[in-house]
J.: 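Below you will find the structure I want to go over with you.
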Protein chains: 2
Amino acid sequence: MKIDPSSKADLSAQIAKAIRDAIVSGALIVDERLPSEAELSEQFEVSRATVREALKRLAAQSLIRTQRGAFGGAFVNRLSFEEAYGQQITTSTLLLSMNAVSFETACEARFALESACAPLAATRRTADHLATMRAEIFRQTQPGLSDEGWCASDVAFHRALVDAAGNPVLSYQLAGAVEAMQPLMNMITFTARSRGKIVSLHTKIVDFCDAGDGAGIEEILEALALYTRQLGQEMAQKKTTS
Amino acid sequence: MKIDPSSKADLSAQIAKAIRDAIVSGALIVDERLPSEAELSEQFEVSRATVREALKRLAAQSLIRTQRGAFGGAFVNRLSFEEAYGQQITTSTLLLSMNAVSFETACEARFALESACAPLAATRRTADHLATMRAEIFRQTQPGLSDEGWCASDVAFHRALVDAAGNPVLSYQLAGAVEAMQPLMNMITFTARSRGKIVSLHTKIVDFCDAGDGAGIEEILEALALYTRQLGQEMAQKKTTS
DNA sequence: AGACATTTAAACGTCTGACAAATGAAAATT
DNA sequence: AATTTTCATTTGTCAGACGTTTAAATGTCT
């Protein structure tokens, strides 16, 4: 195995790409052991340090894991949904915070995606999902709840709704959209009145979910989206006038 | 700045985490220059090689970029939508291929998400989007088109539909779902008859899009989802009997 | 003074060689 | 047979060196 010397990129980036391609194409399968760093440095004709930098790049993407000791080495990692969630959430969060995505836009995307799982959630929700949602609603009615706690509970509620659709791919895709919204939501001050209104909408959602009425859920979600956007606008106005 | 010596993780992972946290929390802002590798190795009291491995981890996540030369160094990277697309697509693709996600499940997620942008696409589509979709439909009618070419065009068509919703966050989230499906779709053999049927559905979609009829788009998408699933089942049967 | 060429220092990219620490297999011992 | 010891392998970390790139600073000429 060799590396294209005409490429302008760093050697470690080229090697990382070569190995990544081998994994994506299926030439390297899950749990397969890569050659040792010493062997790789021979094959690619670079130093061990360079190989190590390449491997760290892959480790950062959860494509490989490493083990020390005899018969250790780098192994192709089975990318779990959990790990993928995590990566997606940090990526989405940064994307939103660094690109001045408006509250409007993020809100629109989030509720559009969430509506997509409403019909599925209505038919597939289990008692577990309903219990989780009701528990979060209960938390949201506690008077002493901090703003951060409120937002966290809101995220948990909506994640339960998404998970109720029973499709791990959907859950994965939406994890980013829902969680990445939290920093933006944290900027809103939720008054007792607004909390009450949201709790009542949440209650309707879980009731429709229980009844298996997907269209009902969508309707409430739309109202919730409208109200959330309204709160966002008030926040924007307060900011400009202060 | 120092590192927790009680942690069991690698030093390079700890340092990467420390810098990543600083970026996510906003302590380091976009385009800000990090200390040089030599300075970082002093601050963290580790060797330069270890610092470099940490920086490569961050580079793999597009959190930083590096520049050589005087006044070069590592800079906090503005995560662009383009880069985020790319990461999301490789992650989604691997997730699907390594976790034995069924064609059913992937299909369901994809069409559920796509339906979510139908109403927005109907109101916001530009002449550009319509032209792209029509161009892809034309490609799909060419008799000599290979199976790979067909699938690529299919992806391009659906991406144009998603982009027509005019919400970059939605486009980003869906890029993964749509593109990650391609390897699964590639396993289906598209006969002339099935191609014809799909082209006719695509044509209806772009017509509804042109007319601003979101509900119409959703309806056709549902039919397309149904037909795609049917093709998937035929493929599965052929595989078990052969 | 202004335009162009040269020098130079800072910083990353890579290499070499070394040692420590972990780890599982094999060998030795009880 | 069970336990302990040895041992080879492999990753993790370090120190020092050299090449390459790059932009700023300096010098030179018109």
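This structure is a prediction, so every number in the text was calculated from the model and none was measured. Atoms considered below: every heavy atom in the structure, side chains included; atoms not considered: hydrogens, waters and symmetry mates. Within every chain, numbering begins at 1; the chains are lettered A, B, ... in the order of the sequence lines, protein sequences first and strands thereafter.
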J.: Quick one: CH2 on B:W150 to CD on B:E136, what's the gap to the nearest 0.5 Å?
T.: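 The CD atom of B:E136 is 11.0 Å from CH2 of B:W150, to the nearest 0.5 Å.
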J.: Please list, chain by chain and in numerical order, all residues satisfying side-chain hydrogen bond (donor to acceptor under 3.5 Å, both in side chains) with A:E39, sequence neighbours excluded.
T.: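 Testing A:E39 for side-chain hydrogen bond (donor to acceptor under 3.5 Å, both in side chains), a comparison that skips the adjacent residues, returns A:S36.
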J.: On DNA chain D, check which nucleotide each of B:T50 and A:L34 is closest to and give me the residue with the more 5' one.
T.: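 Of the two residues, A:L34 wins.
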J.: To the nearest Å, give me how far apart CD1 (B:I15) and C1' (D:dG12) are.
T.: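 After rounding, the gap between these two atoms is 12 Å.
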J.: Please, which pairs that meet salt bridge (Lys or Arg N to Asp or Glu O under 4.0 Å) have at least one residue in residues 75-90 of chain A, sequence neighbours excluded?
T.: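 Sorted pair list comes back empty.
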J.: Think A:R134 forms a cation-pi with A:F157, using NZ or CZ under 6.0 Å from the six-ring centre and within 45 degrees of its axis?
T.: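 No - A:R134 does not lie over the ring of A:F157 by the 6.0 Å and 45° rule.
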J.: What range of DNA chain C does chain B touch, first nucleotide to last, counting atoms under 4.0 Å from its heavy atoms?
T.: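 Extent of the interface on DNA chain C: C:dA9 to C:dT14.
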J.: If you pin B:S12 and B:R48 to their nearest nucleotides in DNA chain D, which one's is more 5'?
T.: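 Result: B:S12.
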J.: Pick out the pairs of N or O atoms, protein on one side and nucleotides 6-10 of chain D on the other, that lie under 3.5 Å.
T.:
from: D:dT9; atom 1: O2; to: A:A70; atom 2: N; distance (Å): 2.9
from: D:dT10; atom 1: O4'; to: A:G69; atom 2: O; distance (Å): 3.3
from: D:dT10; atom 1: O2; to: A:G69; atom 2: N; distance (Å): 3.4

J.: Applying side-chain hydrogen bond (donor to acceptor under 3.5 Å, both in side chains) as the test, list every pair that has at least one member in residues 15-27 of chain B; sequence neighbours left out.
T.: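 Listed once each, the pairs are B:K17-B:D21, B:R20-B:Q61.
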J.: Does A:L113 form a side-chain contact (heavy atoms from CB on, under 4.5 Å) with B:L170? I'd like the steps, not just the answer.
T.: CA-CA 8 Å; A:L113 293 172; B:L170 261 181; 3.7 Å; yes
J.: Return yes if some donor-acceptor pair links the side-chain N/O of B:R110 with the main-chain N/O of B:A177 below 3.5 Å, else return no.
T.: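 Not confirmed, B:R110 side chain does not pair with B:A177 backbone.
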J.: Let's see if you get this right: which residues in residues 52-60 of chain B place a heavy atom under 4.0 Å from DNA chain C?
T.: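 Residues of residues 52-60 of chain B that come under 4.0 Å of DNA chain C are, in numerical order, B:R52, B:K56.
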J.: One thing to verify: whether B:R68 and A:D10 come together as a salt bridge, which I'm taking to mean a side-chain N less than 4.0 angstrom from a carboxylate O.
T.: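 Salt bridge flag = no for B:R68 with A:D10.
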J.: Are the side chain of B:E32 and the backbone N or O of B:I29 linked by a donor-acceptor pair below 3.5 Å?
T.: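 Yes, the answer is positive, given that a donor and an acceptor are paired below the 3.5 Å cut-off.
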J.: For a side-chain contact (heavy atoms from CB on, under 4.5 Å) check, start with the C-alpha distance between A:H129 and A:L161, then their side-chain angles and the critical distance, and finish with the verdict.
T.: CA-CA 7 Å; A:H129 297 128; A:L161 176 61; over 6 Å; no
